[in-house]
Amino acid sequence: MTKKEPARPGERTVMGFDFGTKSIGIAVGQELTGTATSLGAVKAKDGIPNWSDIATHIEQWQPDLLVVGLPLNMDGTNQQVTFSAKKFANRLHNNYRLPVETQDERLTTADAKARLFEQGGYRNLGKGNVDSMSAVIILESYFESLWQ
């Protein structure tokens with residue numbers, strides 16, 4: 001991967017991940033506009049993706065920052081999958097030498113399902129669609145948190 005000039009805060013390309021043990025949703029967004037676009041989902045086995053699938057997205061989009069959704073209980077405490085998501089975030093950082101942040105992802109799945117249903121009804125609610133829309137929502141909420 002070629003080294004590029006670091007983007008200034010507010011102008012970064014950011015890639016978001018909705019971590020899951022069987023599927024990991026991916027989205028890419030721009031800080032400048034605060035918007036994100038779904039890139040689909042990659043399959044995972046016990047939370048471990050095919051890293052070459054992740055590398056393909058990173059090479060194509062050249063993000064400046066990676067954001068991983070942090071699954072927390074409704075009261076904000078950790079659950080078992082929280083630790084797996086943190087481990088995934090650490091592996092992203094170690095594999096791609098990019099800064100990685102985490103973002104609270106409580107209620108993103110419900111929000112993703114509602115958005116997808118609005119766009120196309122039940123047929124739009126496939127697992128990969130939900131995971132990738134969740135990644136979009138994680139990124140959008142990350143962008144919103146920067147402006148608060």
Side-chain angles (χ1 to χ4, degrees), residues 1-116 125-148:
M1 203 156 65
T2 58
K3 197 75 174 159
K4 63 178 184 165
E5 284 295 312
R8 295 186 304 222
E11 299 178 359
R12 298 178 292 185
T13 297
V14 184
M15 188 169 284
F17 297 89
D18 176 44
F19 175 81
T21 57
K22 295 180 180 164
S23 176
I24 298 170
I26 305 174
V28 67
Q30 301 296 323
E31 272 183 328
L32 195 60
T33 60
T35 58
T37 304
S38 166
L39 297 178
V42 297
K43 291 196 181 312
K45 185 172 170 62
D46 298 323
I48 301 169
N50 178 341
W51 287 105
S52 66
D53 291 343
I54 304 277
T56 298
H57 288 297
I58 288 176
E59 287 167 16
Q60 179 178 357
W61 291 97
Q62 298 284 305
D64 301 293
L65 172 68
L66 307 177
V67 175
V68 176
L70 202 58
L72 300 168
N73 289 316
M74 288 310 293
D75 65 1
T77 58
N78 291 334
Q79 52 183 305
Q80 188 55 48
V81 72
T82 307
F83 301 104
S84 298
K86 288 179 179 180
K87 188 175 185 179
F88 172 72
N90 287 334
R91 286 184 174 158
L92 282 171
H93 174 71
N94 291 336
N95 288 351
Y96 304 107
R97 298 290 176 222
L98 291 167
V100 178
E101 294 187 30
T102 57
Q103 176 69 24
D104 182 348
E105 68 162 45
R106 283 177 284 183
L107 300 177
T108 55
T109 300
D111 193 3
K113 287 179 179 177
R115 281 197 201 184
L116 289 166
L125 296 177
K127 178 74 173 132
N129 285 351
V130 172
D131 292 338
S132 60
M133 181 59 77
S134 291
V136 167
I137 294 166
I138 288 164
L139 266 188
E140 289 174 350
S141 67
Y142 173 78
F143 294 144
E144 287 172 19
S145 74
L146 297 176
W147 304 109
Q148 292 177 353

Asn73 side-chain N/O to Asp75 backbone N/O, donor-acceptor pair under 3.5 Å: no
Spatial distance of atom CZ (Phe143) from atom CZ (Arg12) [nearest 0.5 Å]: 8.5 Å
For Val28 against Leu139, the heavy-atom pair lying closest together: C-CD1, 3.6 Å
Ring geometry between Phe88 and Phe17 (parallel below 30°, tilted from 30 to 60°, perpendicular above 60°): perpendicular
Option among Thr37, Thr13, Thr35 that satisfies the side-chain hydrogen bond (donor to acceptor under 3.5 Å, both in side chains) test with Gln30: Thr13
Stepwise side chain to side chain contact (heavy atoms under 4.5 Å, CB included) test for Ser141 and Gln103: CA-CA 8 Å; Ser141 67; Gln103 176 69 24; 3.5 Å; yes
Expected output: side-chain Glu31 to main-chain Glu11 donor-acceptor under 3.5 Å: yes
Minimal non-hydrogen separation, Gln62 against Glu59, with atom names: NE2-O, 3.0 Å
Inter-residue atom distance Ile26.CD1 - Met15.CE, 0.5 Å rounding: 6.5 Å
Point-to-point distance, once rounded to the nearest 0.5 Å, from CG of Leu66 to NE2 of His57: 12.5 Å
Ser38 versus Gly40, closest heavy-atom pair with distance: OG-N, 3.2 Å
From CA spacing to verdict: side chain to side chain contact (heavy atoms under 4.5 Å, CB included), Phe19, Leu92: CA-CA 12 Å; Phe19 175 81; Leu92 282 171; over 6 Å; no
Inter-residue atom distance Lys86.NZ - Asn78.CG, 0.5 Å rounding: 4.5 Å
Asp18 side chain to Ser132 backbone, donor-acceptor under 3.5 Å: no
Step-by-step side chain to side chain contact (heavy atoms under 4.5 Å, CB included) determination, Ile58 to Leu98: CA-CA 10 Å; Ile58 288 176; Leu98 291 167; 4.2 Å; yes
Closest non-hydrogen atom pair, Ala85 against Val68: O-CG1, 4.0 Å
Gap separating the OH atom of Tyr142 from the CD atom of Glu101, nearest 0.5 angstrom: 3.5 Å
Thr82 vs Gln79, side chain to side chain contact (heavy atoms under 4.5 Å, CB included): CA-CA, chis, key distance, verdict: CA-CA 5 Å; Thr82 307; Gln79 52 183 305; 3.3 Å; yes
Spacing of Ile24 atom CD1 and Asp53 atom CG [to the nearest 0.5 Å]: 10.0 Å
